[in-house]
Structures are given as C-alpha cells and as structure tokens.
Visitor: 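Below are the structure tokens for one structure; questions will follow.
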Amino acid sequence: MEVKVLTKHYDKPEYRSLEGYKKYGGYEVLKKALGMKPEEIVAQVKEAGLRGRGGAGFPTGVKWGFLPNNGEPRYLVCNADEGEPGTFKDRMMMEKAPHQLIEGMLISAYAIQSKKSYIYIRGEYMEPYRIVEKAIQEAYDAGFLGKNILGSGFDHDMDVYRGAGAYICGEETALLSSLEGKKGQPKLKPPFPAVEGYLRKPTIVNNVETLAAVVTIVKDGPKEYRKYGTEKSPGTKIFSVSGNVLKPGNYEVPLGYPLKDLIYNLCGGLKPGRQLKAVIPGGSSAPVLTAEEAERATLDYECLAEMKSMLGSGAVIVIDDSNCMVDLLKVIMHFYHHESCGQCTPCREGTGWLDKIVGSIYKGEGRLQDIQLVEQVSKHMMGRTICALSDAAAMPAISFVQKFRSEFEFYVREGRSKVKEVIANA
Amino acid sequence: MLKCKINGVEVEVKEGTTIIEAFKIAGQKIAHYCWHPGLSVAGVCRLCMVEIKGQPRLQIACNTPVQDGMEITNQSEQVKETVRWGLDFHLINHPLDCPICDQAGECGLQDQYMEFGLYTPEMAEPKVKKHKVVDLGSKIVLDTERCILCSRCVRFTAEVTKTYELGIFNRGDRSEIGTFENKPLENNYALNTVDICPVGALTSKDFRFRQRVWYLQERESICTGCSTGCNIKIYFNEEGLFRIRPVYNEKVNGYWMCDEGRNIYKFVNKENRLLKAKKGRKGEWLEMEGGAAAKDVAHHFKSLDKERIALVVTGQFSNEEYEALFQFYKKNVGNDFVYHWINNKESFEDFDGLLLRGDRNPNTKGLLQKLEDYRYEQTWAHLEENLKAGKIETLIVAGPENPLWFPDLKEKVQQWGIQLSHLIWLSSAKVQAVDEVECLTWQIPLKTFFEKDGTYVNYQGLEQKSHRIATIVPGALSLSEAAHLMAGEEYKVDMAPILKGPKKNYYVHRRGYL
Amino acid sequence: MSIVHKDTPSTKWYLPGILSGMGLTIKKLFYNLFHRKKMPTLNYPEEKYEYSPRFKGNHVLTVKKDGSLRCTACMLCATNCPADCITIVAAEHEDPTVEKYPIHYEIDILRCVFCGFCEEACPVDAIRMGPEWQTPGLADDNFHYDIQRLAYRPQLKGGILSRVDDEERHQFGL
Amino acid sequence: MFELSKEGVEFVKKEMQRYETKRSAIIPALYKVQEENGGWVSPECVTYLSQLMDLPEVWINEVLNFYTMFNKEPVGKYHVQVCCNVSCAMNGGRELADHLCKELNIKDGRHSEDGRYTLSRVECLGSCGTAPMMQVNDKYYENLTKESAVQILKELP
C-alpha cells in the first residue's frame, strides 16, 4: 500500500497556498527546529539515515558534515532541475506543496547555518517556477524569510533561479556553474561543492524531495522516520511510474517495497494481453532490469545495486513486450548525445559514437561487431569523466545489449525488429 | 616535502604538487592535452589517467595532488588500455587531414598515436562536420574540425590576456571553439594560443604552409625585440628563419611571448639584410667584403681630424660589443662625443602589463652601464648642436638591427648626409636612406643576434647570454670585430656555420627514425 | 688473373670461325625474313616499345575532376625522396575546401633515381610514375619538370584523374 | 539594431543586482531579450546585451548556445515542443510529432508554411506519467492523442 508521509495532503488544493499549508501544521516544524541547536538537526538527519533522493543516494547528513568551519558564508541550493527521463516527482512537489519545500530548506539552512539559498528550477518548468516564486513572496510577507525569522535571530534569504534547458544542470557542480551564469558544465572534483561550490564558497546542493523529507524527520524524530523502509534505506520515497502501465503517476511507498507490487497493484498493471518485458528502475540512466529480475526486485538502494542497477531518482519506466529494445536504446542514446555538455572527451565523443552505432543498427545498417563495439565503447566511458553523465549513458547501453542481445543480433542480421515480427504473428 | 614513487622512480616533491607535475619532475612520460603548466587545470582530455596503489578507480594526474607515500604508475595494462581508448575518443571525429595540416610533425595526436595507439580504427560512422578555415583576423586561422576542445586557448584568453575573445559554443560533440561572430583574435599575445594548441586547430598565418616542421631545426636564444628579453626558440633551416616560439623562463617571460617579438626573425633573413659592405656615396657605390671595408676605414682613419669625430650607439648590441667599440673609440679617437640614440622617447617607459615594454632595445641597461663606466655623459642635444655648428665631420653610427622600431631613422640619416663629410654606418639592416646619402660613406654589414655570441641585460638587470647559431650573411662582422679591424689590428673574423644546401629532414636526425 | 691462350685447330685457323659465324647470321636473316612478326627488335625511334603500366617511368601529377591539381602540397614525396629532387612551394588556396595547394612543383629529373618512393608516400594518389621513359634532351634543355609538364603535358591528354576524390570522401563523412 | 524596452532594461539591471554576480543575470536577461525579440536571440542581441551588462560577448554567446531553451533562429508564434524521450516514445510521442508535422503543414521539420508554428522534437520535459505530451511556448499539454493535439493547436488564438 502507499504510505503517504510527504504527500499526505497533496490531494488538497489549498495546500499550495500559505494559508492552506499552515492549516495542516505548516511551519510548525520550523518553529521547533529554530528552537533546536543546528548540530542537533544535523545529528537527527544523520540518525534518520536520509539518503539523497536526486539520484546518487548519498547520505544527506554526511554531506552536511563535509562543510568546513572556516567562517566563510555558506550556500544552500535546492536542485529542482529535474531532467532525468521518467522523473516527474519534483514537479509535482513544487506544484502541490511549495511551502513544504521552503520549510525544508529553511530547516536545512538553519542546520548548516546558511544565510542564502537558491532554488534552481529547470527552465521548462514555468508553472512550478511561478508557484514557487509566489510562495517565497508569501513566506517573506509572513516573516518566515528575511531578517530574524520568528524572532530566533536567524536570517535567511531565498531566491529562485530558472535554468534554460540542460539535463546536465541536474548534476550538482554543473548546476552551480549554471547558477553562476556560466555554461552548465560540471566542475572538477576535488574540491567538492561542500568545500568550494557556488562562487567558490561552501555549498550544499540537495534535491527537492530530500529537503522536504527533512521536515518530516525533524517533525517526528528519526525513530519515527525509520519506521518505514529498510535498515540501510530508511524512509519513504516517491516513485514516478511511467511507460506501459495503466495508471502511471507518482506513488509514495516505503523503500524496500517490491517492484512487482508497485507495477501490478498500485499502477494497475499492464495493458491487457501484454507481458512485462523490462523495467528501468531509476530513470533512463539506470541499467535495465529484465522481467524476471523485476519480479524479484525490491525498491531500495541495496537490492538494486546488487542487481547491478540503481534506484536513481526513482523513475520506474515499465516496458512491455510491444516495445523494441533497439528502438528504445536509440531514443536513450540520442538523449545522452544531445545532453552531453562536451567537456570531457570520452563523454563528448562516446555519447555521439554510441548514438551513431545504435542509430545505424536501427536503420538496418549495423554489423555484428557493432553490438560488441557498443559494449566496449560504453565500458571505456564509465568512470572516465568529471561527472556521471558518461556513466549514465554507458550503463543503459551495456545493460540493454547484454540483457537483450538476441534481439539486437536479430535486428542486425535481418535489418528489422524482432518484436514487430512477434506481434504480427500473434 | 612529500615522497612518492612514480613508475618505480622515487621522487620528492613539494606539498600541493599534482601528480602530473611529479611525473615531469621524475622525467616520466605521461599523455596529456588539456593540462598546461601556465594555465588552470581543466581536466577534460582524460588522458593523463594514472593508477594509484590502493585506489580501484583510475585518477587523472592533473587534478590529483600527491600524498606522502603514494605509488603511482601509468605503465599498467589498465592505464594503457584507458589511454588508448581515450585517444580513440579524441580521434573519432578528427578529420585526419594531416597532409594539409601545419601541425603535422609536432601534433599531440600524432605523438600519442605513435606512443599508445597503432590500432585500426573501429569508427565506421560518418564524422561530425564543423567549420574549417575560419579566419580569426590577421594572425590566426581556426579549424574547428581538428580541434579536440582541450580549452587551452580559451583559458589563455581568459586567464593570461583577460581579453575573452575565445569561447566554446554549443555542447556535446557539436561543441566548437570560436570567437563571437568571427570577431578577430587580435591581441598582442594571440599567437601563444597557436603554440599551446596541441593539434592543428589554430595555425599562424605567418607560418602557415611555409615549411613542414620536420624541415626545421630549433635552437634557443634571447628575443631582441624589447628590453624584456624573452627566452625564445628559433626555428630555421637552410632557407632561412621561419618562426620563433617562447621558451619557459620563470624569471623573465614565463611560458609566453608577445606577437611583435615573434617577428624579429624577419630582420635576420637575407631579404632585410645589408649583404655586402659598400663604400661611396649616392649613385656611386663600390661593393666589397665587410672585413675589407673595415680595414679601409682603418686606413682612412689616420687622415681624419680626431676632434671632429663622434660616435652614435643604439641599445641593440651586446655588452661585449660595447666594450670593444668603446675601447676602440678611446684609443683611436679619444674625445667623449659618444651619444645614445633613443628611438622612441615618448613610449620608452611604456609597459603593456604582461611582457612587452616600450623600450624596444634588448640591451639599453647594458649600454647605460658601459657609458657610465667610460664616463661618456653627452646628451643627444649636444650632438645636434655640434652638427649644426659644423663641429663634427665624421660620424660612426652603430645602427639598429631592426629599423622598424626606429621611426626617426630616415630623417636622421638624411640630415647627417648633408651635415657630415664622412659617415661610417655599421648595421645589419638594409636601410634605403643610407644608400642615398651625399657624403662619403662606408656601410659595414653587421651580424645579428642569431649569428654572434653576446650578453644582454634586460630591464630587470638580468644578464642573459645568447649564443651564435648559424650564419645568414657570410661577410658580416660583429660590432667588436668591426671595432678591432677599424683600429687597424690584425683580427681573425670568426663565423658560425653558413646555412646552405638543400634542407634536411631533421626529425630523422633528432629521433633516429621517421 | 692471366689468360692463357692455347692454340687449337679451331682458333689457329680463322676461316672455320668466320664461316660458322656467317652461318648463324644468314640463318637468322632468313628466319627473320620469313617470320617478320617474331622479330625481337624495333625500328626505334619510329617504333616504340610499350612497357607495362606498372613501369616506373616519368612522373605524372594527377588531377581532380575539375582539372586542377590533386596535389595538396603535403611534402611527403619530397620528404621521402632519397635523391632530394622534388621541390614544392605550398600556398593557401582561395577555396577553403581545398585549403592548401602547390604553386610550384618541380622535379629535377636528372637527379631522380626512379625509385617510386614518391608514389608510395603520396596519401592522395597525386603523383604516379607513368609508362613513359624517353627523356632525351640537349645539355641546355630544362630538366627541371614543372607543374605544366608533370600534369598537363600533351601526352596525358588533359591530365590523369586521381582515384581519391575529396567530395566523395566528404559525402561519406570520412 | 535590437534594443530592449525601457522596462526590459530595468529588468536586466534589477537581475544584475539580484544575484551575487552580475554574470548570473545572463540567463534571465537572455530570457527577456528572447521575449522582446520575437522568440529568438540574434547575434545583435548578444552584442547589445554585452554592452548593457558590461560582460564579454563570448560569455553571453556561450550561454546562449549551451542551453536549448534559447532559440538561435526565428521561431513561429507557437513553439510546439513534442517530447520524444523514452516514456513518451513508448506512448506514441514520435508518431504524434509526425502527425503534427503533417497536419500543420510543416515540410522541413521545423516551421509551418504560414510561420505560425515551429515544431521541435525535444528531450524529456518531466511529464512522463502523462505521456504523450507537448509544450506550446510555456504551457504544458498532457495526455494527448493525435486528434486532441491538433485540436488544441488549431484552437490557439
């Protein structure tokens, strides 16, 4: 069953406004947090074991702990540049509960003692941008932002920044580059953004869902939070289900929830007469799972890592047997080719190369060795670049080719898709 | 100091040294394109991968600082495989037009391919088409297909010159280096981008297509273009000099030099040189060898009135030459009519903030020191006065090597031609005005900095030695040789080897293989 | 070495030697008179021998479809030439797709050893060694063959087409 | 020669104050310029903006060319962006784009003949659960069918 912790009041339209939000206990947690010591909040988040919901799954409390104590101004940046194909949870959160995000950011900012924060929203999200901008204005007017918030002596300013269409800006250092008004190209690590980030000052970048989850942790305490989820992946998470299911959408379930149940129970299963073929469990950059693996998988960081896939941003793309894997890989490769920032050579050239190889297979001009070449090129793109985009392109390529090799080989030999054949026969 | 082991070689490096620098210190080879010691770290070519003991993932050497006790290698199979693939990624969209590329022979891609590559390419898809032969102004031509986007040139214009002409536009494998709307890249340091470009994407218009680089020899020297005295490398062959590039010197020029300095080779080549000594006056010149002319001066010298002789010197010669010249003057003339010819009084103290100085003489400081040593304290006004009053009949002029930077040259020579009865003109440059003087004139060809040994003192007071490399004009003398011969002494003129014969493939000579 | 001539009847008497020699001559004469087609000699210079196309004779510079020189002035032939007989001066072409071309290409044919290295070094099939081999001339003739002679001499009938075509290569994205 | 309106200049000036560095204002300023220049940013706009903001042209041009939401060539009154990424492709996004091309008289794959529409196939717009979808200028239209999409576009003012 769905467990609604974050999304509890999302079905109420008034939750979007400050008044409505306050009606359901909004900004009460902030009052509580401002009464605590910043270190206590960090400790609570650490104890709750909250892991980043943006894709990498890095423990949030640990990330906050990396901030150096050198007296430099600190920045908090909310990563709302949701670009991973299949993911649409942040958009919903910003549209339905902008104040939840602002409250989470305020608590986090207080915990890391930051005086200025930014919400970086992807350029295409015009509607959420307007909503968040309005919500911030409301919060300023109500005294939740600005100088001396709720009389605690804590000052904080918040601003929204709108991107302009680049998937790579979802990577934290690229996001910071973009925020500085540069091209959104990732920066070299080390130094990590917690040490040298926005304008070379210590900066924490967190996903929308992560920051919203901070509210529930501080509200109920880490023990209550740990009630859901598994030992290593505690809490609930919003999964964006899309693809060939009857009821696609966002579903909040505890981590460790079986993938099978998500697809068949919550999402209403597949279209009648269709068989499950594959599932991409964490956005297009996660390695694909076969139907058989999907039956076994549970939605937590560990299980999926064991299956050599990843939870990523929680975008579950369900693929039924009417889809040709060559076709889908071509779409995915085109996406990474289009979105590579062009900085590191293996990614810049590799994504283009993969796109061309898969494209030529799709056109029926492929050679048998091309299938192996896809694997080889992907292998040498992985872990060779500044950011993880080249891995993100390589992992689906490898997994598609390895897990559906016969389909690729058929395509190369016959110059047409096996799937359409099967469907026609049926 | 930190200790680390690089390919088994133990080295000690300073705190904060990156691994790639440690590789250079240890004298180990490492492939890299985007890293340049004079620029910030970009870490984008991903070729300088190394394996650090205890770390499963390969790291890039340019952004990883050395830690004590690190054991680093780039000889393992894993690294070699990675570099080979890294190179392949660089090459898949490279147009491979080496036959018409000026960089061929000194190209980073070619070098690394010989080192790590040597495979049959697997790329069977069409390459990305970009812009070729983009005109970036009067100095540089850009070829974006050849570009590997190492961003060295972009960082150069952003960090060194701070002129921000270049940028990388678009993204992915459509990225291109360029200037906005093809605006020219005209700053005075622009040609450094050509030097640091590891491939043939940026080529110099001046050097373009004139020689293949394997036909060129290279030797180090000192730039005589201004009082900074940048350390340079001269590229030349039997057909003459072709280009100049900077050589790293922390104290003087760092990694760079200005574009004006790169032109000084033109004043060494035969086209701009005084090839033969001449005696006579307008319309009636007698050509002779340099030594013979100097001896003729010596012969004639006895009949001149010593009190009516004066000496004009420019800051273009070496310390040794000034010494010999002043010795000669002291012994054979004895008066103190020695004048310092300053070419551009108004801009003499200028400085562009990087390297180029308004004082366009390599050795003004040395000359001033020598003048002081010999107590020659006359001012230029004094010379003008004496000339006007007719008190000076004979003028010995140690003229400029590079007449371009003496704008008042023509006017002065014309004036002297009227005022004097004898002119002894010592210079390496061909000067039209001297050929048209009316008084009895000896023109003695001098050697340029390329053909003689000498010490130059730059604006900081730093003494730098420049060595002779080869001879372009066989009959030319150095100023000291001329001084000795004019004094009537027997003196053996020494010469560097003359450049003649067909040009050779110097790569075979240098490396032992093609 | 010393040669000892021993007198034998056949050398002592010259007449048999002359007769046997004349016999051979007459035999050949008659044979040739009746088998004129099999005659091994040619009436040079009226008749000329055609060597195989692989013969390494005089150089030919090939041309592109539009008749301009194929040569890109990469100087690899000059670099590879063991006799140093090739001189090239390169220049920038007005057409940016061509970029570099030779304004001066000269082979000192008297220095050339006809080794064929230039042909092997050429990356674009711009220089070939053709089947022509007659290069007579007087002492004051010009043996420095220039572009006009190498590419457009009358025997070539307007030039030989190169196998490597830039446009085709660009079309396939190579 | 392009110039921003008085209100636009004020907006850019304000944005330059709003963030820590004035370089951060490049993206908002480009949005403003695009809005006032009829949907695209021309090179003259970049020159103008560089003078207005006192920043190197290259910085602005780099940003302009990096992000996909800035149009480097003129677009029609309605910029129709059809998502063709995985989830949408599986639910007929590409077929929808082809259909729209046919219906709206888009021959070259970009602009309709009357210049009213510009169609581009774009990557994920974050509406995968409601695929297929399209974005017309700022607005999202979700859960489309071929017919409904055509109808929506035809009904636009």
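So you know, we letter chains A, B, ... as the sequences are listed, proteins then strands, and number each from 1.
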Visitor: Parallel, tilted or perpendicular for A/His337 and A/His334, by the 30°/60° rule?
Guide: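 The rings of A/His337 and A/His334 stand perpendicular, inter-plane angle above 60°.
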Visitor: Heavy-atom distance under 4.5 Å to chain D: side chain of A/Cys169, backbone, both or neither?
Guide: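 A/Cys169 touches chain D through side-chain heavy atoms alone.
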Visitor: At a 4.5 Å cut-off on heavy atoms, which part of A/Glu82 comes close to chain D: side chain, backbone, both, or neither?
Guide: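 The answer is neither part of A/Glu82.
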Visitor: Checking heavy atoms, do the side chain of A/Arg162, its backbone, both or neither come under 4.5 Å from chain D?
Guide: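 Backbone plus side chain of A/Arg162, per the 4.5 Å heavy-atom cut-off to chain D.
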Visitor: Flag the pair D/Leu4 / D/Val33 as yes when at least one side-chain heavy-atom distance between them is below 4.5 Å, and no otherwise.
Guide: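 Yes, their side chains come closer than 4.5 Å.
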Visitor: Under 4.5 Å from any heavy atom of chain D, what part of A/Thr87 do you find: side chain, backbone, both or neither?
Guide: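 Only the backbone of A/Thr87 comes within 4.5 Å of chain D.
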Visitor: Using non-hydrogen atoms only, which part of A/Val245 is less than 4.5 Å away from chain D: side chain, backbone, both, or neither?
Guide: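 Contact with chain D: none, neither part.
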Visitor: I'd like to know if the side chain of A/Ser177 and the backbone of A/Gln185 have a donor-acceptor N/O pair within less than 3.5 Å.
Guide: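 Answer holds: yes.
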Visitor: Would you say the side chain of A/Ile119 lies within less than 4.5 Å of the side chain of A/Met158, judging by non-hydrogen atoms?
Guide: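 Yes, close enough: below the 4.5 Å cut-off.
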Visitor: Heavy-atom distance under 4.5 Å to chain D: side chain of A/Ile168, backbone, both or neither?
Guide: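 When you check distances to chain D, only side chain atoms of A/Ile168 fall under 4.5 Å.
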Visitor: What part of A/Tyr75 is in contact with chain D, defined as an atom under 4.5 angstrom from a non-hydrogen atom: side chain, backbone, both or neither?
Guide: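 Just the side chain, heavy atoms under 4.5 Å.
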Visitor: Can a donor-acceptor pair be found, under 3.5 Å and without considering hydrogens, that links the side chain of D/Arg116 to the backbone of D/Lys77?
Guide: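 No.
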Visitor: With a 4.5 angstrom heavy-atom cut-off, could you sort out which part of A/Ile317 is near chain D: side chain, backbone, both or neither?
Guide: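 For A/Ile317, the contact with chain D is made by the side chain alone.
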Visitor: Using non-hydrogen atoms and a 4.5 Å limit, figure out which bit of D/Tyr19 sits close to chain A: side chain, backbone, both or neither.
Guide: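 For D/Tyr19, heavy atoms of backbone and side chain both lie under 4.5 Å from chain A.
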Visitor: Could you tell me which portion of A/Lys116 (side chain, backbone, both or neither) has an atom closer than 4.5 angstrom to a non-hydrogen atom of chain D?
Guide: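 For A/Lys116, side-chain heavy atoms alone lie under 4.5 Å from chain D.
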Visitor: Keeping A/Thr173 on the side-chain end and A/Pro186 on the backbone end, is there a donor-acceptor pair under 3.5 Å?
Guide: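 Looks like no, no N/O pair under 3.5 Å.
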Visitor: Under a 4.5 Å heavy-atom cut-off, does chain A meet the side chain of D/Gln135, its backbone, both or neither?
Guide: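 The side chain, not the backbone.
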Visitor: Most heavy-atom pairs under 4.5 angstrom with chain A, which of D/Val86, D/Leu55, D/Leu30?
Guide: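 Sorted descending by pairs with chain A, the first entry is D/Val86.
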Visitor: If you tally heavy-atom pairs under 4.5 Å against chain A, which of D/Ile26, D/Val122, D/Asn85 wins?
Guide: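 Heavy-atom pairs under 4.5 Å are most numerous for D/Asn85.
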Visitor: Under a 4.5 Å heavy-atom cutoff, which of D/Asn91, D/Ile60, D/Thr130 has the most pairs with chain A?
Guide: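 Among the listed options, the one with the most contacts to chain A is D/Asn91.
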Visitor: For A/Lys201, is it the side chain, the backbone, both or neither that has a heavy atom under 4.5 Å from a heavy atom of chain D?
Guide: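 Contact with chain D involves no heavy atom of A/Lys201 at all.
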Visitor: Looking at CD of D/Glu142 and CE of D/Met134, how far apart are the two atoms once the value is rounded to the nearest 0.5 Å?
Guide: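 The CD atom of D/Glu142 sits 11.0 Å away from the CE atom of D/Met134.
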Visitor: Flag yes if more than 12 heavy atoms outside A/Lys134 fall under 6.0 Å of its NZ atom; otherwise flag no.
Guide: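 No.
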Visitor: About how many Å separate OG of A/Ser117 and CG of A/Asp159, when rounded to the nearest 0.5 Å?
Guide: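 Atom-to-atom, A/Asp159:CG and A/Ser117:OG are 8.5 Å apart.
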Visitor: Judged by atom type as modelled, is there a donor-acceptor pair below 3.5 Å linking the side chain of A/Asp81 to the main-chain atoms of A/Ile121?
Guide: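 Between the backbone of A/Ile121 and the side chain of A/Asp81 there is no qualifying donor-acceptor contact (under 3.5 Å).
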Visitor: Within the 4.5 Å heavy-atom criterion, are A/Val288 and A/Leu328 side-chain neighbours or not?
Guide: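 Of all side-chain heavy-atom pairs linking A/Leu328 with A/Val288, none is under 4.5 Å.
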Visitor: Pick one of side chain, backbone, both or neither for A/Glu84, based on which atoms fall under 4.5 Å of a heavy atom in chain D.
Guide: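 Only the backbone of A/Glu84 comes within 4.5 Å of chain D.
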Visitor: Taking side chain as C-beta onward, heavy atoms only, is D/Pro28 less than 4.5 Å from A/Tyr161?
Guide: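 Yes - at least one pair of side-chain heavy atoms lies under 4.5 Å apart.
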Visitor: Against chain A, label D/Ala131 side chain, backbone, both or neither, depending on which of its atoms sit under 4.5 Å from a heavy atom there.
Guide: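 The answer is neither part of D/Ala131.
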Visitor: Given that the side chain runs from C-beta out, which part of D/Cys84 has a heavy atom under 4.5 Å from chain A: side chain, backbone, both or neither?
Guide: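 The backbone, not the side chain.
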Visitor: Applying a criterion of heavy atom separation less than 4.5 Å, what residues of residues 61-72 of chain D form contacts with chain A?
Guide: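 Listed by number, the contacting residues are D/Glu62, D/Val63, D/Phe66, D/Tyr67, D/Thr68, D/Met69, D/Phe70.
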Visitor: So for A/Tyr118, is it side chain, backbone, both, or neither that comes closer than 4.5 Å to the heavy atoms of chain D?
Guide: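 Just its side chain gets close to chain D.
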Visitor: Given side chains that start at C-beta, do those of A/Met126 and D/Tyr140 come closer than 4.5 Å, heavy atoms only?
Guide: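 Sidechains of D/Tyr140 and A/Met126: no contact.
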Visitor: Please test A/Glu196 against A/Lys187 for salt bridge (charged side-chain N to carboxylate O under 4.0 Å, His left out), starting from the C-alpha separation and ending with a verdict.
Guide: CA-CA 10 Å; A/Glu196 265 186 34; A/Lys187 301 177 189 180; over 6 Å; no
